[in-house]
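Structure first, commentary second.
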Amino acid sequence: MEQQLDYAAVRAAAGRIAGAIRPAAVVPAAEGVWYALEYLQHTGSFKARGARNFLAAHHRAGTLPEAGVTIASGGNAGLACAWAARAQEVPATVFLPANAPRVKVERLRGYGAEVRLVGDRYADALAACEEFAAASGALASHAYDHPLIAAGAGTLLDEIRAALPGLDTVVVAVGGGGLFAGIATAAREHGVRVVAAEPENSRALNAALEAGRVVDVAVDSVAGDSLGATRVSADALAAARYEDVRSVLVPDQAITAARRALWEEHRIVVEAGAATALAALRTAPQPLGEPVAVVLCGANTDPGDLTAPGI
């Protein structure tokens, strides 16, 4: 099933997922600053958009096998894949390391997924997932590196523009680059500027720009659980080269401070990856064009450290 990431793909994704996902709420946060509350999305993150688009496209094309879909991910992508598979009434088989948190395993099972625990590293789970796909005929999904996944995520940009017609700049956190690539593709169509925010020590996109090609990076960040991809997609690197895209790195301390500020000022609880976007806005050396929308992309996190005494 040949696919490419362009604005037509984003518009096609919007048609496929209409009525199945929650349109983003866009709310004023400060003068010239708005928050896109995508953490209110099904499964608690933007990943639901791409997963739903991926499976709906295969269903319509007649390429969704009876064996269903499989993915190696204990995070937001795995949850979204399981949720989208349940909607299509096909099996989802999710591979995780054996040391995956019980709460994630139970949540995946709650969406109807078959969970298989393999090895003690993500690489072990991924290898088992690939072997299962080859043997069973199940459709292999990816957390971010697929045009259908990125196009689904990119539908968020047009929803933000609908709520904020004068949108100048959107700030988005980057891990593997699926959300960023989709948003940047749609933003380019409308002349909207994009700030790609990454932790200083989890900078797969920034490093790729620096090297001129996709490279592997080490990951050591407070946001590594959701922005911990060791490399970005080729689509993300291509999008990062657009004229109105800016790559920004932020320290972990700023990410933690932004996450706490969201709680203290708005009673918003998000994961550190989502707070990375706000951290980029708060620490930007130059002012960003207004109005600016900050994407709060996920909230699958333990809020205990936000409410604990003395923190």
Side-chain angles (χ1 to χ4, degrees), residues 10 12-25 36-61 63-96 100-117 122 125-126 129 132-133 136 138-156 159 175-176 178-179 182 225-226 269-271 273-274 295-302:
V10 175
R16 291 189 199 102
I17 69 177
I21 54 96
R22 294 171 179 152
L37 308 184
E38 184 63 1
Y39 66 89
L40 297 174
Q41 190 55 258
H42 293 290
T43 75
S45 88
F46 74 93
K47 295 281 189 182
R49 294 174 182 267
R52 184 72 187 226
N53 184 49
F54 179 78
L55 290 183
H58 278 281
H59 176 74
R60 292 187 184 186
T63 53
L64 185 54
E66 288 186 15
V69 62
T70 185
I71 191 170
S73 170
N76 292 336
L79 291 168
C81 182
W83 169 79
R86 184 178 66 177
Q88 294 290 348
E89 299 182 335
V90 296
T93 306
V94 182
F95 288 80
L96 304 171
R102 180 182 295 272
V103 64
K104 288 186 176 180
V105 172
E106 292 308 314
R107 194 162 178 210
L108 283 164
R109 287 176 175 153
Y111 283 127
E114 178 180 345
V115 179
R116 299 195 181 185
L117 303 175
Y122 171 74
L126 178 61
C129 178
F132 172 78
S136 68
L139 177 65
S141 185
H142 195 280
Y144 60 87
D145 194 2
H146 193 284
L148 286 169
I149 298 291
T155 59
L156 176 59
E159 292 179 14
L179 176 61
D225 60 338
S226 55
V269 178
V270 296
E271 53 200 70
V295 177
L296 301 180
C297 57
N300 289 317
T301 185
D302 180 356

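Scope of the values below: all heavy atoms of this structure, side chains included, with no hydrogens, waters or symmetry mates.
Interatomic distance, CG of N53 versus NE2 of H58, reported as 9.5 Å (0.5 Å rounding).
Across every non-hydrogen atom of A82 and A113, the tightest pair is CB-CB, 3.8 Å.
Residues that satisfy the side-chain contact (heavy atoms from CB on, under 4.5 Å) test with V269, not counting sequence neighbours, are W263, T301, P303, L306. Considering only residues two or more places apart in sequence or on other chains, S226 meets the side-chain contact (heavy atoms from CB on, under 4.5 Å) condition with E271. Residues meeting the side-chain hydrogen bond (donor to acceptor under 3.5 Å, both in side chains) test with D145, sequence neighbours left out: none. With sequence neighbours left out, the salt bridge (charged side-chain N to carboxylate O under 4.0 Å, His left out) criterion links R22 to no other residue. Every salt bridge (charged side-chain N to carboxylate O under 4.0 Å, His left out) that E106 has, sequence neighbours left out, goes to R109. Residues meeting the side-chain hydrogen bond (donor to acceptor under 3.5 Å, both in side chains) test with Q88, sequence neighbours left out: none. In this structure Y144 satisfies the ring pair (Phe, Tyr, Trp, His ring centres under 6.0 Å) test together with H142, sequence neighbours excluded. The side-chain hydrogen bond (donor to acceptor under 3.5 Å, both in side chains) check on R86 picks up nothing, with sequence neighbours excluded. Taking the side-chain contact (heavy atoms from CB on, under 4.5 Å) definition, one finds that A133 meets it with T70, A140, sequence neighbours left out. With sequence neighbours excluded, the residues that form a side-chain contact (heavy atoms from CB on, under 4.5 Å) with A51 are A80, A84.
Side-chain contact between T93 and R116 is present, with at least one heavy-atom pair separated by less than 4.5 Å. Between V90 and L139 the shortest side-chain heavy-atom distance does not fall below 4.5 Å. Within the 4.5 Å cutoff, no side-chain heavy atoms of N76 are placed close to those of T43.
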Would you list the atom pairs, donor with acceptor, under 3.5 Å between side chains in residues 147-155 and any protein atom, with sequence neighbours excluded?
{"unit_1": "T155", "atom_1": "OG1", "unit_2": "R49", "atom_2": "NH1", "d": "2.9"}
{"unit_1": "T155", "atom_1": "OG1", "unit_2": "G152", "atom_2": "O", "d": "2.6"}

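Between F132 and F95, the ring-plane angle classifies as tilted under the 30° and 60° cut-offs.
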